[in-house]
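A quick write-up on the structure given underneath.
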Amino acid sequence: MTEFYQTADVVVVGGGVIGLTVARALALRGAQNVVLIERGSLGAESSWAAAGMLAPQAEADCADQFFQFCCQSRDIYPAFAAALLEESGIDIELETTGTLYLAFTDSDVNELEKRFEWQSAAGLQIERFDAEIAKLIEPSISPEVRAALKFPLDTQVESRRLISALANSTEKLGVRMLTGTTVEGLRIERGCVVAVETSRGFVSTGNVVIASGAWASLIKTPYPHSSLRIEPIRGQMLCFEANPQICNHVIYSPRGYLVPRGDGRLLAGSTTEHAGFDKRVTAAGVNSILTAALEISPLVGSLGLTASWAGLRPCAPDNLPVLGACAEIGGLFYATGHYRNGILLAPLTGELIAQAVVENKVSPVLDIFSPDRFDTVTVN
Ligand code: FAD
Ligand code: GLY
């Protein structure tokens, strides 16, 4: 392979949903000479594995700042989807039927009650149904259902079409994509980034955005240690063929979820496992997903299983995203740690990171997600 030496105004490391969205937002804000470097092919890791749910209300336990951040990102999705359609011609299939959350046990019913209480007190759109109504809304759900919530604003997108749309749009906006190229380290001089070292040569640059998902803390800096630890959390997924489709809503229980796609696929997820960088689908994983899926709808038992896969969610020690500039190294930014919500959080992440890089303006929204909360590096 020939070695290169290139220059860029901004280098984005990682071509998943986050790196692509950041690169697109940088280009839209007028950044020139943006280079995105991806080790493999675009969007082939966690972003490819995702279910595509935009479901902050179904997943949250309280109305904290993170929850507000998630809702804000969900609420800009219609405009984001329309812009991507215009730019790329690709429809990311934003599906707005809403999300149901089902209770089957006493403890589920309690959990559901708590969720209804705090979300209605916070003025959020939420509906509560007894079992009879729930079964009228979704006839395929189990007769064992005890109660249900509906989150009308929690929606879904086809995450693989989202990757294609982002890749297409970003390329049209002039971002150079270096795929099959691994970033091995950063070159820092006098406390500032001056270049990235890749498997194919150097790219000299004054700005780097680390968006390399679960691998973000493996990129070397010349400093003795970095305390930013992004851990891979494995999520396995099963895919069934449902023609005709068995449900209209995304359906959660406290133990799993079903996601109906318009083309007849039905996704069932997922596991949450500390398994290092191992992306195998395991017998135990399949068993737990299948058990949760059958509890939601026994009809799943009659469907053909067409695919299974696993992805590695990028997770910081406090489960929150890591976003923004690193105070100790000039020109170094992070956009990682999106854990269970990278698809949901992509548009807002792109906006805020691009604003920080291009306009040097840091939104106060980013305070709680700052990489400096971990004392990212020690400078001698
Ligand atoms: P990735 O998509 O993993 O991309 C990182 C990229 O960086 C990869 O392409 C990798 O090859 C590249 N890279 C790594 N190291 C280097 C290097 N040194 N040099 C160059 N390139 C490098 N989120 C939701 O919002 N909704 C959901 O419904 C949802 N469902 C999920 C279901 C499952 C089973 C899983 C596993 C995740 C789910 N998620 C969901 C989470 C979501 O997928 C992630 O949060 C999101 O994809 C993270 O995006 P990313 O771009 O940071 O990481
Ligand atoms: N947000 C769904 C998942 O991570 O499995």
Side-chain angles (χ1 to χ4, degrees), residues 51 53-68 70-71 74 97-156 233-238 246-260 266-275 282-301 313 315 318-320 339-341 344:
M53 297 176 293
L54 312 176
Q57 287 181 245
E59 294 202 356
D61 295 320
C62 60
D64 58 10
Q65 279 172 290
F66 175 63
F67 174 70
Q68 307 298 348
C70 288
C71 288
R74 176 194 65 187
T97 305
T99 297
L100 287 182
Y101 188 101
L102 307 183
F104 292 99
T105 66
D106 286 348
S107 120
D108 295 355
V109 172
N110 283 341
E111 168 62 34
L112 190 140
E113 276 307 309
K114 271 194 249 154
R115 221 162 258 235
F116 182 75
E117 294 302 326
W118 77 256
Q119 295 204 8
S120 19
L124 298 161
Q125 282 197 45
I126 182 167
E127 295 160 47
R128 180 170 47 182
F129 303 120
D130 62 20
E132 294 316 307
I133 303 284
K135 279 182 281 186
L136 281 178
I137 295 174
E138 278 294 1
S140 69
I141 62 178
S142 166
E144 303 298 320
V145 69
R146 304 257 305 269
L149 295 178
K150 177 167 174 172
F151 309 103
L153 300 184
D154 277 5
T155 53
Q156 60 149 315
I233 302 292
R234 184 167 68 191
Q236 302 184 39
M237 190 85 86
L238 302 180
I246 66 166
C247 56
N248 295 312
H249 297 79
V250 170
I251 310 180
Y252 275 83
S253 82
R255 290 161 288 283
Y257 53 76
L258 295 179
V259 182
L266 180 74
L267 309 186
S270 180
T271 58
T272 305
E273 303 166 86
H274 297 258
T282 63
V286 171
N287 183 45
S288 82
I289 296 169
L290 207 47
T291 305
L294 289 167
E295 183 188 43
I296 292 173
S297 173
L299 279 189
V300 170
R313 305 177 183 95
C315 186
D318 55 7
N319 295 352
L320 294 176
Y339 191 32
R340 307 191 74 107
N341 295 293
L344 168 66

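- A donor and an acceptor atom, one from each side chain of Gln57 and Arg74, are located under 3.5 Å apart.
- Note that CD of Gln65 and CG of Leu320 are 9.5 Å apart. Values are rounded to the nearest 0.5 Å.
- A donor-acceptor pair under 3.5 Å links the side-chain atoms of Gln156 to the main chain of Pro260, judged by distance alone.
- Side-chain atoms of Phe104 and Ser142, non-hydrogen and from C-beta on, do get closer than 4.5 Å to each other.
- Across Ala60 and Phe67, no two heavy atoms sit closer than the pair CB-CD1, 3.3 Å.
- Side-chain contact between Leu267 and Leu258 is absent, with no heavy-atom pair separated by less than 4.5 Å.
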Verdict with supporting geometry, Asp61 and Lys114, salt bridge (Lys or Arg N to Asp or Glu O under 4.0 Å):
CA-CA 9 Å; Asp61 295 320; Lys114 271 194 249 154; over 6 Å; no
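- For the residue pair Glu273/Gln236, the side-chain donor-acceptor check at 3.5 Å is satisfied.
- No donor-acceptor contact under 3.5 angstrom links the side chains of Arg255 and Thr105, judged on distance only.
- Glu59 has its side chain within reach of Tyr252: a pair of non-hydrogen atoms, C-beta onward, lies under 4.5 Å apart.
- Using a 4.5 Å heavy-atom threshold, the side chains of Leu344 and Met53 count as separate.
- Considering only heavy atoms from C-beta on, Asp154 stays 4.5 Å or farther from Leu54 through its side chain.
- Taking each heavy atom of Thr271 and Ser288 in turn, the nearest pair found is CG2-OG, 3.7 Å.
- Asn248 and Glu138 make their closest contact through N-OE2, 2.6 Å (heavy atoms, listed as atom of the first residue, atom of the second, distance).
- Taking the six-membered ring where tryptophan is involved, the planes of Phe151 and Tyr101 are perpendicular, since the angle between them exceeds 60° and thus also 30°.
- Contact detail for Lys150 and Leu100: the closest heavy-atom pair is CB-CD2, 3.7 Å.
- Taking all atoms of both residues into account, the shortest heavy-atom contact from Asp106 to Arg146 is OD1-NH2, 2.8 Å.
- When every heavy atom of Ala293 is checked against every heavy atom of Val300, the shortest pair comes out as O-CG2, 4.0 Å.
- Side-chain atoms of Ser140 come within 3.5 Å of backbone atoms of Ile246 as a donor-acceptor pair (strictly under, hydrogens ignored).
- Interatomic distance, Tyr339 OH to Ile233 CD1, rounded to the nearest 0.5 Å: 5.5 Å.
- With rounding to the nearest 0.5 angstrom, the CD1 atom of Ile137 is 13.0 Å from the SG atom of Cys247.
- Looking at heavy atoms from C-beta onward, Glu127 lies in side-chain contact with Pro152 at the 4.5 angstrom threshold.
- For the pair Leu102/Pro254, no side-chain contact is recorded, criterion being any heavy-atom separation below 4.5 Å from C-beta on.
- Interatomic distance, OG of Ser120 versus CD of Gln125, reported as 12.0 Å (0.5 Å rounding).
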Derivation of the side chain to side chain contact (heavy atoms under 4.5 Å, CB included) call for Arg128 and Glu113:
CA-CA 9 Å; Arg128 180 170 47 182; Glu113 276 307 309; 2.7 Å; yes
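- Taking CD1 of Ile251 as the reference point, atom CD1 of Ile141 lies at 6.0 Å (rounded to 0.5 Å).
- The shortest distance between side-chain heavy atoms of Gln68 and Pro56 does not fall below 4.5 Å.
- Between the side chains of Arg340 and Ser270, no donor-acceptor pair is found at a separation under 3.5 Å.
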